[in-house]
Each structure stands twice: as structure tokens, then as C-alpha cells.
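The next block holds one structure in the form of C-alpha cells; read it before the comments.
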Protein chains: 2
Amino acid sequence: MDRRPGGPQAQGGAAFLLAQLGSHAARLFADRIAGLDLTPPQAGLLRMLAASPGRSQRELADDLGMPPSRFVPFADELEGRGLIERRKNPNDRRSHALHLTEKGAGLLAELREVGMAHERDICAALSFDEHRELVAMLRRVAEQQGLTPGVHPGYRSG
Amino acid sequence: MDRRPGGPQAQGGAAFLLAQLGSHAARLFADRIAGLDLTPPQAGLLRMLAASPGRSQRELADDLGMPPSRFVPFADELEGRGLIERRKNPNDRRSHALHLTEKGAGLLAELREVGMAHERDICAALSFDEHRELVAMLRRVAEQQGLTPGVHPGYRSG
DNA sequence: TATTGTTATACTCTATAACTATA
DNA sequence: TATAGTTATAGAGTATAACAATA
């Protein structure tokens with residue numbers, strides 16, 4: 001029986017473990033990609049641009065959970081580093097269509113390798129089958145909670 | 001086969017899902033306990049004081065991942081609300097021994113109920129057995145990653 | 001001389017809201 | 001008149017470091 005004060009659910013329940021492990025995993029990931037001079041939101045944008053190129057800044061800002069005004073200097077830096085580019089939209093000249101550059105695509109490839117190493121480290125305690133089961137359960141929970149696959153605005157800093 | 005750009009691990013791996021679900025669960029929990037006028041770090045301190053009363057501010061600040069200077073106004077507010085109290089330590093008069101008041105213990109009881117409702121909501125997609133399996137796996141992962149049970153400094157804001 | 005708690009300051013981060021150009 | 005992007009400003013939140021009391 002769990003006698004830790006605060007109640008078993010509070011400290012040992014799935015919700016708490018998810019929050020604890022999630023913040024741990026996010027911090028570790030941030031440390032890893034710092035070696036590529038990227039922050040988690042920056043990595044997120046690169047992935048989003050690879051998945052669906054040509055979207056407007058406003059849409060992307062919404063997905064990243066940041067106000068449009070904050071997105072501007074955020075995109076400025078990546079553009080200055082030659083990783084993304086703003087293309088003029090001929091149909092609506094107010095909006096910019098954002099795209100990954102070749103250099104950006106190259107960095108994204110490195111990012112994927114880092115991501116796989118990260119996955120291995122986080123799940124080191126699990127067997128191959130257990131890992132598969134865990135992913136399947138987490139996916140169901142995420143879906144039931146209405147979370148969009150592949151994007152989360154929980155990123156912090158950057 | 002998973003063809004989403006960014007790679008299957010990046011967006012669908014366990015590490016990503018943990019981060020996504022963890023931040024989701026943490027945000028939802030923060031919303032819930034806002035009804036008790038508590039932030040996640042405040043709730044964390046109440047639980048810590050119930051688990052091990054009489055510790056010094058420095059120790060508690062370390063566990064919460066905040067500098068001692070920030071802990072001062074943080075504890076001030078809870079003391080002002082009559083939820084915790086600073087007792088003089090007769091052995092070392094530099095340090096304060098922090099304790100939960102009766103009122104603080106009462107609020108902690110409410111907090112537990114909120115925590116259980118939170119747990120049910122987050123795991124609504126899982127059967128009883130699946131829930132048990134998930135918790136067991138997450139505990140193993142957390143232990144292998146060297147995380148301290150019951151405490152995590154990933155809290156934000158408050 | 002080192003450590004606990006505290007205070008003060010300076011800085012980063014962020015959102016709000018004003019502004020422009022297109023529609 | 002409404003919207004995309006941008007800029008400016010003001011506010012919150014935070015850490016760093018100086019300080020006082022005690023060891």
C-alpha cells in the first residue's frame with residue numbers, strides 16, 4: 001500500500017508521471033538540440049515546414065502557441081541563418097509563404113538522428129515490445145484528449 | 001509505415017508523446033487547482049511539507065527547482081494565507097523549519113480529490129488493467145532516468 | 001569563513017496594442 | 001472594414017548578486 005503523504009494518485013498516478021517524465025524528456029531534448037544551435041520551438045517549426053510548406057506566419061504561430069508579434073523575430077533569426085525563407089504570396093501580397101531552405105532540410109535530417117537517439121535513451125528501461133505497447137497506449141490517450149498529432153505548444157523558452 | 005515528414009520518432013515516438021501529454025496534463029491540472037487558488041508549485045510545496053515537515057527553505061527551494069531568493073516571496077504568500085508556517089529552529093537559528101498548518105492540511109485534502117479526478121480524466125481512454133500497466137511502465141522509465149518520486153521541478157509559473 | 005534567509009537590482013521575456021500594407 | 005505582418009512599449013517574472021544574522 002502506498003503510504004506516501006499526498007496520496008498515491010498525487011505523486012504516483014499516471015498524470016503526475018506523465019508531467020514529470022514529459023518535462024524531463026523535453027529538457028533533455030532541449031539540451032541535445034542545443035548542440036545544433038536549435039531550441040525546441042525552432043525545431044518544431046522546421047518539422048512543421050517540412051510537413052506542410054507554404055503556410056502563413058499566423059497559422060504557424062497559432063500552432064506553436066505564440067502570438068504573431070512574437071513569431072516575427074523568431075522567424076527572423078531562422079531566416080538570417082538561412083534555414084527558412086519567406087516567399088511572397090502572389091494571390092495575397094499581405095501574407096508570406098514560409099518554406100524550408102536546402103540548408104534547413106539538411107539540419108532537419110540531423111535533427112531526426114538526434115530525435116532517434118533521444119527516443120532510445122528515454123525508453124532504455126523498456127523492451128522492444130514494451131516500447132511498442134507504451135507508444136500505442138500514449139497515442140490512444142493523446143487522441144482521446146483531443147491532442148493534435150505532431151504538434152504541441154507546450155514548448156517553453158526560445 | 002509512418003510517412004509523416006520529420007520522421008516517425010520525432011512526432012510519434014514515446015519521448016514526443018510524453019512531452020506532449022505531460023504538458024497537456026500539467027496545464028489541465030493547473031486549471032483545476034486554480035479553483036483552489038493554488039498554482040502547481042504551491043500545490044507541490046504543500047505535498048512536500050506533508051511528506052516531510054520541518055525542512056529548511058533552501059532544501060525545499062532546491063527540490064522545487066527555484067533559487068532561494070525566489071522561494072522567499074513564494075513562501076510569504078502561503079504563510080500570509082495561513083497555509084504554512086515558519087518555525088524557529090532551536091538548533092540553528094539561521095534556518096526556518098517549514099510546517100503545514102491545520103488549514104493547509106485541509107486544503108491538501110481537497111487537493112487530493114482534485115488530483116484523483118484529474119487522474120481519471122487523463123486516463124479516460126484506458127481500461128483498469130491498461131491504466132495499471134501504463135503506471136508500471138512509466139514508473140520503470142522514471143526510475144531508470146533517475147527521477148525522484150513525487151517531485152519534479154518542471155513546474156512553470158506561480 | 002561559510003551558510004541561511006532576505007532584499008535590491010537589473011535583465012529577459014512576453015503580451016498588448018498601435019501601425020502599414022494589402023485586401 | 002478586416003486581416004497579415006510588423007514595430008514599440010510596458011509589464012511580469014526571474015536570476016544575480018549584495019547584505020545581515022548566525023554558525
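- Computed from coordinates, the B:R55 CZ to C:dG5 P distance equals 12 Å when rounded to whole Å.
- Judged as a side chain to side chain contact (heavy atoms under 4.5 Å, CB included), and not counting sequence neighbours, the contacts of B:E85 are B:R87, B:H99, B:T101.
- Rounded to a whole Å, the CZ atom of A:R58 is 15 Å from the P atom of D:dA2.
- Using a 4.0 Å cut-off between a side-chain N of Lys or Arg and a carboxylate O of Asp or Glu, B:R81 and B:E77 qualify as a salt bridge.
- Comparing A:D76 and A:S95 against DNA chain D, the residue whose closest nucleotide sits nearer the 5' end is A:S95.
- Residue-level contact check: A:N89 touches neither bases nor backbone, having no heavy atom under 4.0 Å from any strand.
- In this structure, A:E59 places its CD atom where more than 12 heavy-atom neighbours from other residues, nucleotides or ligands lie under 6.0 Å away.
- Residue A:H96 contributes atom NE2, which lies 14 Å from atom C1' of D:dT3 at whole-angstrom precision.
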Which pairs, protein N/O on one side and nucleotides 16-22 of chain C N/O on the other, fall under 3.5 Å?
| unit_1 | atom_1 | unit_2 | atom_2 | d |
| --- | --- | --- | --- | --- |
| C:dT16 | O4 | A:S69 | OG | 3.0 |

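- B:A142 approaches A:Q20 most closely through the heavy-atom pair CB-OE1, 4.3 Å.
- Residues of residues 78-88 of chain B that place a heavy atom closer than 4.0 Å to DNA chain D do not occur.
- As rounded to whole Å, 13 Å separates atom P of D:dA15 from atom CG of B:D62.
- Protein atom CZ of B:F74 is 11 Å distant from nucleotide atom P of D:dT14, rounded to whole Å.
- Each of A:H118, A:E119, A:R120 was compared with A:I122 under the side-chain contact (heavy atoms from CB on, under 4.5 Å) criterion, and only A:H118 meets it.
- Other residues, nucleotides and ligands place more than 12 heavy atoms under 6.0 Å from the CD atom of A:Q144.
- Checked by atom type and distance alone, the side chain of A:R140 pairs as donor or acceptor with a backbone atom of B:A125 at under 3.5 Å.
- Among the protein residues, B:N91 comes within range of the sugar-phosphate backbone only, with heavy atoms under 4.0 Å from sugar or phosphate atoms but none that close to a base.
- Note: CD (B:E77) to P (D:dG13) measures 11 Å, nearest angstrom.
- The separation between B:F71 atom CZ and C:dT3 atom P is 20 Å, rounded to whole Å.
- When side chains are defined from C-beta on, B:L98 counts as touching B:R86, because their heavy atoms get closer than 4.5 Å.
- Taking all atoms of both residues into account, the shortest heavy-atom contact from B:L138 to A:A14 is CD1-O, 4.3 Å.
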